[in-house]
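Okay, so here's the structure we're looking at.
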Amino acid sequence: MKSRLLLLLLSLLLAACATPAPEAPTTTVKLVTTVGGMDDLLAYHQSLRRLSPQELGRELQALNARHGGGAMLAMQKAMVLGLTHDAGDLTRAQAQLGSVLSATDSDAAALKPLAQLLVSNYAEMRRLNDNADKASQQARDSQRRLDQLSEKLEALKNIERTLPGQPK
């Protein structure tokens with residue numbers, strides 16, 4: 001009985017060693033490409049993010065000096081203006097993007113989804129800036145009122161100390 005069991009175990013061990021290893025699963029990589037210079041614009045935006053405010057100003061001057069360019073130039077200007085985070089510049093950036101959205105040529109048509117995304121992003125940035133300004137103004141007003149109340153409290157304490165018949 002033991003020999004049969006041993007023989008069975010040995011044969012199972014040999015059978016396990018003889019089975020081929022499962023093949024590694026193959027994966028497919030889907031190459032995603034964009035149309036109309038979208039890749040170039042995204043790379044341009046990444047390079048802009050590394051620039052200082054002074055360098056952004058110089059880049060905007062260089063873009064303003066260029067003529068023509070159509071939708072691509074308008075997108076580049078909007079990206080530079082959007083990174084300054086100034087409310088006026090965000091408005092100008094939205095105007096640049098509006099010209100891309102209203103254009104009918106094929107270059108602009110390929111850029112419209114990105115332009116729409118940037119328009120909504122810049123609108124949200126403007127809203128957040130406005131909210132931050134309001135909150136900052138409320139904080140200043142609250143601090144001013146707190147300072148006034150502290151001054152009044154100190155004045156009342158001084159009056160109380162100068163009253164006759166009060167223990168000192």
Side-chain angles (χ1 to χ4, degrees), residues 20-159:
E23 292 184 31
T26 59
T27 58
T28 58
V29 176
K30 183 179 177 183
L31 181 61
V32 177
T33 58
T34 57
V35 293
M38 193 87 67
D39 289 333
D40 295 335
L41 277 174
L42 294 173
Y44 179 71
H45 189 266
Q46 283 301 101
S47 68
L48 288 176
R49 292 175 54 87
R50 296 183 198 104
L51 298 180
S52 69
Q54 294 81 15
E55 292 169 326
L56 284 173
R58 286 192 293 272
E59 180 67 20
L60 184 60
Q61 287 176 347
L63 290 173
N64 285 333
R66 289 176 46 195
H67 296 290
M72 185 67 81
L73 182 61
M75 291 290 289
Q76 289 174 328
K77 286 180 184 179
M79 286 179 175
V80 172
L81 289 167
L83 288 174
T84 63
H85 300 293
D86 180 47
D89 286 345
L90 286 173
T91 303
R92 290 175 46 208
Q94 286 180 301
Q96 289 289 328
L97 294 169
S99 70
V100 173
L101 291 173
S102 63
T104 57
D105 58 290
S106 62
D107 292 338
L111 298 176
K112 284 183 180 183
L114 180 60
Q116 185 60 49
L117 175 73
L118 289 174
V119 163
S120 62
N121 187 23
Y122 294 161
E124 183 68 12
M125 286 171 58
R126 285 179 60 197
R127 187 186 67 75
L128 291 173
N129 284 342
D130 289 344
N131 287 346
D133 289 343
K134 287 177 186 176
S136 176
Q137 181 63 39
Q138 287 175 347
R140 282 193 300 272
D141 291 344
S142 295
Q143 184 62 44
R144 185 177 38 79
R145 279 191 298 259
L146 181 65
D147 291 342
Q148 288 173 347
L149 289 173
S150 294
E151 288 173 8
K152 287 179 182 179
L153 183 61
E154 286 301 318
L156 286 173
K157 285 180 183 178
N158 285 336
I159 291 172

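Please read these numbers as outputs of a predicted model, since none were measured by experiment.
- No donor-acceptor distance shorter than 3.5 angstrom exists from the side chain of S136 to the backbone of A132, with no hydrogens or angles considered.
- The existence of a salt bridge linking R92 and D89 is confirmed by a sub-4.0 Å separation between a basic side-chain nitrogen and an acidic carboxylate oxygen.
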Chi angles and distances behind the salt bridge (Lys or Arg N to Asp or Glu O under 4.0 Å) call for R144, D141: CA-CA 5 Å; R144 185 177 38 79; D141 291 344; 3.4 Å; yes

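- Here the CD-CG distance, from E151 to L146, works out to 10.0 Å after rounding to the nearest 0.5 Å.
- A donor-acceptor pair shorter than 3.5 Å cannot be found between the side chains of D133 and Q137.
- Here the closest non-hydrogen pair linking A108 and A103 is CB-CB, 3.5 Å.
- The CG atom of L118 sits 11.5 Å away from the CG atom of L81 when rounded to the nearest 0.5 Å.
- Looking only at distances, no side-chain donor or acceptor of T84 sits under 3.5 Å from a matching main-chain atom of V80.
- Atom CG of L73 sits about 11.5 Å away from atom CE of M75, to the nearest 0.5 Å.
- In plain terms, the two heavy atoms of A110 and M38 that are nearest each other are O-CE, 3.2 Å.
- Counting heavy atoms from C-beta outward, M79 and L114 have side chains that approach closer than 4.5 Å.
- For the atom pair CG of L83 and CG of L60, the computed distance is 11.0 Å after rounding to the nearest 0.5 Å.
- With values rounded to the nearest 0.5 angstrom, K77 atom NZ is found 8.5 Å from S99 atom OG.
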Validation: residues 43-51 side-chain donor-acceptor distances under 3.5 Å, sequence neighbours left out:
| residue | atom | partner | partner atom | Å |
| --- | --- | --- | --- | --- |
| Y44 | OH | E59 | OE2 | 2.6 |
| S47 | OG | Y44 | O | 2.6 |

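- Listed by first and then second residue, the salt bridge (Lys or Arg N to Asp or Glu O under 4.0 Å) pairs that reach into residues 112-124 are E124-R127, sequence neighbours excluded.
- One N or O on the side chain of E55 and one on the backbone of S52 form a donor-acceptor pair closer than 3.5 Å.
- Within the 4.5 Å cutoff, the side chain of M72 has heavy atoms near those of the L41 side chain.
- Here the closest non-hydrogen pair linking A115 and L101 is CB-CD2, 3.8 Å.
- To the nearest 0.5 Å, atoms CG (L90) and CZ (R126) are separated by 7.0 Å.
- For A74 against V100, the heavy-atom pair with the smallest separation is CB-CG2, 3.7 Å.
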